Each structure stands twice: as C-alpha cells, then as structure tokens.
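Reading through the structure tokens given below for one structure.
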Amino acid sequence: MKRFRTYRTDQKTRDQYAEISLSVNDFIYPYFVVDGSNIEQEIISMPGVFRFSIDKLLIDIGQIVSLGIDKVLLFGVVKEYQKDEKGTLAYAPDSLVCRAVSAIKQHYPKVVVFTDVCLCEYTSHGHCGLLHGHEVDNDSTLPLLAEMAYQHALAGADFVAPSAMMDGQVEAIKEKLKAANLSTKILAYSAKYASAFYGPFRDAAASSPAFGDRKSYQMDFRTTNQGLEEIAADIEEGADWTMVKPALPYLDIIAKASNRFPHIPLVTYQVSGEYSMLKAAARMGFLDEKRTFYESLIAIKRAGANYIITYYAKEYAKQWNEQTH
Ligand code: PBG
C-alpha cells in the first residue's frame with residue numbers, strides 16, 4: 001500500500017507538495033472605459049466590475065498597482081448613437097481607447113497595456129466585422145482591424161489583442177505595425193469559441209449582435225483540432241502571445257495548446273459568464289466564493305495557462321496574495 005496521505009497530513013506538508021501556485025503577475029485585469037468624467041457604473045450581472053470614465057479608471061489602476069497587478073486589458077464602450085455600420089470610432093486616432101492608453105502610460109508607465117481589437121463594440125449592428133448584406137465580410141474587415149491596432153499602438157499600447165476571429169487578422173495587423181516600425185506585440189485571441197459565457201460582457205460593453213449570432217466567425221465548441229490549428233496559424237502570422245477563451249469550460253483546449261506550443265506564452269480568458277456564475281452562486285450562499293475562485297484559477301493555471309485574464313484579479317490580490325493554501 002502506498003501512503004498517499006503522507007502528502008496531506010497538514011498545511012505545511014500540503015504546501016510543500018503543491019505543484020501550482022498563483023501570483024498577481026499571472027493576471028491581466030480587464031477594464032471597460034466610457035467617455036465623460038466621474039463615471040463609475042457597476043455592471044449589474046458582474047458585481048465588482050465597473051464602467052469607468054478615464055479619470056476614475058486612473059484611480060482604480062492606482063489601486064490595482066498598489067496590489068501588485070501590472071497588466072490591464074482595455075475595452076471601449078461607446079453610446080448607441082455614436083455607432084455606425086463601419087464602426088468608425090473603433091479606429092479613430094483620438095478614440096476612447098487611445099485616450100485611455102495614453103493617460104495610463106502617462107500616469108503609470110510600468111503598467112502593461114493590452115487593448116482589445118474588434119469592431120463589435122462600435123458597429124451599429126454589433127458584429128465584429130463589416131457587413132456585406134447580412135454576412136460578416138472577412139477580407140474588407142482586415143484593414144480596419146489593422147488600422148485600429150495601429151492607432152492603439154501609436155497611443156502607446158504594449159499589446160494589441162485582436163478578438164474579431166477574422167481569418168488573417170494577425171497578419172494584417174503585424175504588417176501594418178511593421179511598416180510603421182512599431183514594436184507593439186500581438187496577443188491573438190486565437191481559439192475563441194462562440195460561447196454563451198460571454199453574455200454578461202455583452203451587457204457591460206453593449207455589444208450584442210443586433211441580429212443573428214457570432215457562430216460564422218467564432219469557433220464551434222464541439223471542435224478541438226480547429227482550435228489548435230487556429231493557434232498554429234496565428235503563430236505563423238506573427239502572434240507573439242496566443243489565447244484560448246473561455247477558460248474553465250475549455251481546460252482541455254488549454255492543456256493541449258500548452259503542450260503543442262510550449263514556446264509561446266499562452267493566455268486564457270476567464271470570461272464574464274464564468275465570473276457571474278460564481279458571483280451569483282456566492283450571493284445565493286450556495287458556494288464559498290473565496291475558495292471557489294481560487295480553485296478555479298489554480299485549475300486554469302494547472303491546465304497550462306501562463307497568464308489569465310480575469311475579473312477576479314483584484315479580489316485575488318486582496319484576499320489571497322502572499323498566502324499559500
Ligand atoms: C469581442 C470580445 C468579447 C469578449 C472579449 N472580446 C465578446 C464577444 O466576442 O462576444 C468577451 C469577454 C467576456 O465575456 O468577458 N470584442
């Protein structure tokens with residue numbers, strides 16, 4: 001008989017045998033930015049997550065920096081009347097996200113800034129690319145995504161993160177950045193599944209498609225190898241980092257991706273619905289939130305993620321940092 005229980009006798013022993021640990025450096029904290037000043041709107045389905053105007057965003061970033069978090073991901077949220085068919089505000093030189101990036105870089109130069117590159121938050125139809133008829137047109141969308149990434153890079157973004165799931169988007173962006181001599185890196189949302197877990201995000205970012213769904217460009221969740229091929233293609237197109245999204249329901253994809261592409265940092269996104277589920281269950285008293293989110297983050301890292309985009313980053317830093325359990 002093997003005495004496995006000797007690994008578990010007390011906390012100190014368990015800590016000695018632990019193979020996985022988390023650190024605030026593992027996390028990328030997402031922010032929703034709006035125009036205006038003094039705005040701090042909590043998102044109903046995502047308690048603890050806010051839409052901030054840039055002034056309030058800077059204050060909040062001050063807080064996370066003091067907690068040790070050094071990476072943020074920005075989403076711009078514009079008003080309905082500012083949206084148009086082509087998502088013009090997405091790639092405007094003085095766009096909301098550009099202004100947010102330069103403000104962050106001015107106040108917190110050490111914070112690593114990632115920006116989401118996608119049209120859905122800016123198009124009147126809420127799709128991630130240009131429409132041709134009622135279809136999302138891949139190739140005419142590419143120059144717009146490249147322009148958006150380029151503007152973010154000029155504003156000072158460290159990473160641009162294309163999430164539109166258009167074929168060739170990484171290559172289009174890479175070439176545009178290269179031509180401008182910009183060293184901004186690309187975090188590709190490579191294996192992004194068409195997931196119902198994005199529901200609360202679409203409330204937060206007001207980015208639900210006005211008709212139909214995103215299944216013609218985001219991945220079918222009944223597939224595995226396609227996800228790995230999407231990652232391989234993005235690496236070939238010049239992605240510096242890659243991503244699997246969502247996280248907890250896709251641990252198998254994370255594990256396979258980290259095995260097959262060990263040479264490239266693998267990010268995963270614990271998406272809005274994953275966060276909302278835990279929040280809701282905790283509010284009902286059905287789950288111990290602190291222990292559940294910790295276990296979820298450990299599981300995601302154990303599967304092979306190098307970095308985790310998570311709305312729990314701040315709570316992790318407050319409740320778990322410097323502790324081992
Ligand atoms: C698209 C984008 C989405 C998310 C990140 N980038 C929404 C979508 O693709 O439908 C979802 C993130 C989350 O659910 O937390 N710009």
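Read the numbers this way: they start at 1 and go in the same order the structure lists the ligands and their atoms. Fair warning: this is a prediction, and the values are worked out from it, not measured in the lab.
For Phe293 and Tyr316, the ring centers sit 6.0 Å or farther from each other.
Of the charged side-chain nitrogens involved, none lies within less than 4.0 Å of a carboxylate oxygen, so that Asp10 and Lys12 do not count as a salt-bridged pair.
The side chain of Cys120, and not its backbone, has at least one atom closer than 4.0 Å to an atom of ligand 1 (non-hydrogen atoms only; side chain from C-beta on). Residue-level proximity to ligand 1 for Cys118 is carried by the side chain, the only part with a heavy atom below 4.0 angstrom. Residue Phe75 touches ligand 1 through its side chain alone, judged by heavy-atom distances below 4.0 Å.
Which parts of ligand 1 touch Glu121 is read off a 4.0 Å heavy-atom cut-off, strictly below it: atoms 1 (C), 16 (N).
Within a 6.0 Å radius of CZ in Arg260, more than 12 heavy atoms belonging to other residues, nucleotides or ligands are found.
For Gln218, the heavy-atom gap to ligand 1 drops under 4.0 angstrom. Using a 4.0 Å heavy-atom cutoff, Lys192 is listed among the residues neighbouring ligand 1. Distances from ligand 1 to the non-hydrogen atoms of Met165 include no value under 4.0 Å. Heavy atoms of Tyr311 come nearer than 4.0 angstrom to ligand 1 in at least one pair.
Between Asp158 atom CG and Leu187 atom CG the span is 12.0 Å, to the nearest 0.5 Å.
Counting only distance, with no hydrogens or angles, the side chain of Asp116 and the backbone of Phe75 share no donor-acceptor pair below 3.5 Å. Counting only distance, with no hydrogens or angles, the side chain of Arg51 and the backbone of Ala204 share a donor-acceptor pair below 3.5 Å. Side-chain atoms of Gln169 come within 3.5 Å of backbone N or O of Met166 as a donor-acceptor pair.
By heavy-atom distance, the residue among Tyr269, Tyr122, Phe201 lying nearest atom 3 (C) of ligand 1 is Phe201.
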